[in-house]
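Proteins come first, then strands; the chains are lettered A, B, ... in the order of their sequence lines, and each starts at number 1.
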Amino acid sequence: MSNSIIINTIYQRLYSYYGPQNWWPGETPFEILVGAVLTQNTNWSNVVKAINNLKARQMLSFDALQAAAVEEIAECIRPSGYYNLKAQRLGNLLQMIAREYGGELDGLLSDQTSRARDNLLSVKGIGPETADAILLYCGNHPLFVVDAYTHRVFSRHSLVPEECDYNELQELFMDTLHPDPQLYNEYHALIVRVGKEYCKKSNPLCEQCPLMGVEE
DNA sequence: CTCCTGCCCA
DNA sequence: TGGGCCGGAG
């Protein structure tokens, strides 16, 4: 079967099995922006603790966070891990938005997709996954988000080689699927779900997986 | 102990 | 390409 058929079939199977995932978990675009940085290589439950700490200190807004000292931010986001690194990264990100968009997150989100993405990638600490997650889940830009789960699920089903970079994997999806932000939103969330529950790094549960035999 | 919706640096 | 960043849950 062709890759494009399989990619569509995988979506259908996951959606029938799990239903809509209602991503991104977050109340405002700014909260999603912050969450995208905090969740880098980090379990979401730890990110929730960090975000709640920021909320409790009234620091979950552009102005409050930019005014705060990095040490104070680091203290709040401690539960999310890499806290010194991430406090700096949040600062770098806000600085870019201040410089390029007058401090308006909406300015970034309503910019051309390619320019917004380039600006995000120019920030130290923002790589392709974080940039695409911000643009898709905050701003509805049609960018498919690739992550470790995507790589694992699709290489295990032989759709991409084991050694395959972000761009290659992203192009596979974006050349196959219509540029529909809602579809990209749901598909990525479903991949994360099946990656956590079945396509686990160790001891994957292939026999019971909803994707079993999908490539045949 | 391993893993978690990465990314930077040498 | 490998190591460092890092707390919390299982």
Legend entry - Modelled atom types, side-chain donor and acceptor of A:Tyr18 and A:Glu197, under 3.5 Å: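 A:Tyr18 vs A:Glu197: donor-acceptor pair found between side chains.
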Under 4.0 Å, counting only non-hydrogen atoms across every strand here, what does [X] touch: a base, just sugar-phosphate, or nothing?
X: A:Ile126; value: sugar-phosphate
X: A:Ala133; value: nothing
X: A:Lys49; value: sugar-phosphate
X: A:Thr130; value: sugar-phosphate
X: A:Val37; value: nothing

Measure from [atom1] on [X] to [atom2] on [N] and round the result to the nearest Å.
X: A:Glu197; N: C:dG10; atom1: CD; atom2: P; result: 14 Å
X: A:Leu121; N: B:dC8; atom1: CG; atom2: C1'; result: 14 Å
X: A:Tyr82; N: C:dG7; atom1: OH; atom2: P; result: 10 Å
X: A:Arg152; N: B:dG6; atom1: CZ; atom2: C1'; result: 14 Å
X: A:Leu85; N: C:dC5; atom1: CG; atom2: C1'; result: 6 Å
X: A:Glu129; N: B:dC4; atom1: CD; atom2: C1'; result: 11 Å
X: A:Leu90; N: B:dG6; atom1: CG; atom2: P; result: 16 Å
X: A:Asp147; N: B:dG6; atom1: CG; atom2: C1'; result: 10 Å

Legend entry - B:dC7 OP1/OP2 closer than 4.0 Å to side-chain N/O of A:Lys86: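 No, A:Lys86 has no side-chain N/O under 4.0 Å of OP1/OP2 on B:dC7.
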Inset, instruction - Kindly say if A:Tyr83 contacts the phosphate of C:dG7, meaning a side-chain N or O under 4.0 Å from OP1 or OP2. - result: yes
Inset, instruction - Would you kindly compare A:Lys124 and A:Lys200 by the position of their nearest DNA chain B nucleotide and give the one closer to the 5′ end? - result: A:Lys200
Legend entry - Identified side chain to side chain contact (heavy atoms under 4.5 Å, CB included) counterpart of A:Ile73 within the set A:Leu65, A:Val34, A:Asn53: A:Leu65
Inset, instruction - Only one of A:Asn185, A:Leu136, A:Leu190 passes side chain to side chain contact (heavy atoms under 4.5 Å, CB included) with A:Trp23; say which it is. - result: A:Asn185
Inset, instruction - Just jot down the side chain to side chain donor-acceptor pair (under 3.5 Å) partners of A:Tyr15, sequence neighbours excluded, or say none. - result: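 So A:Tyr15 forms no side chain to side chain donor-acceptor pair (under 3.5 Å) with any residue.
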Legend entry - Test of ring centre spacing under 6.0 Å for A:Tyr184 and A:Tyr137: no
Legend entry - Residue A:Arg89, side-chain atoms from C-beta onward, closest of B:dC4, C:dG8, B:dG6: B:dG6
Legend entry - Given DNA chain C, 5'-ward residue of the pair A:Asn41 and A:Ser45, judged by closest heavy atom: A:Asn41
Inset, instruction - Quote, to the nearest angstrom, the P distance that separates C:dC6 from B:dC9. - result: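 Going atom to atom, P in each nucleotide, I get 14 Å.
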Inset, instruction - Sticking with atom C1', work out how far C:dT1 lies from B:dC4, rounded to a whole angstrom. - result: 22 Å
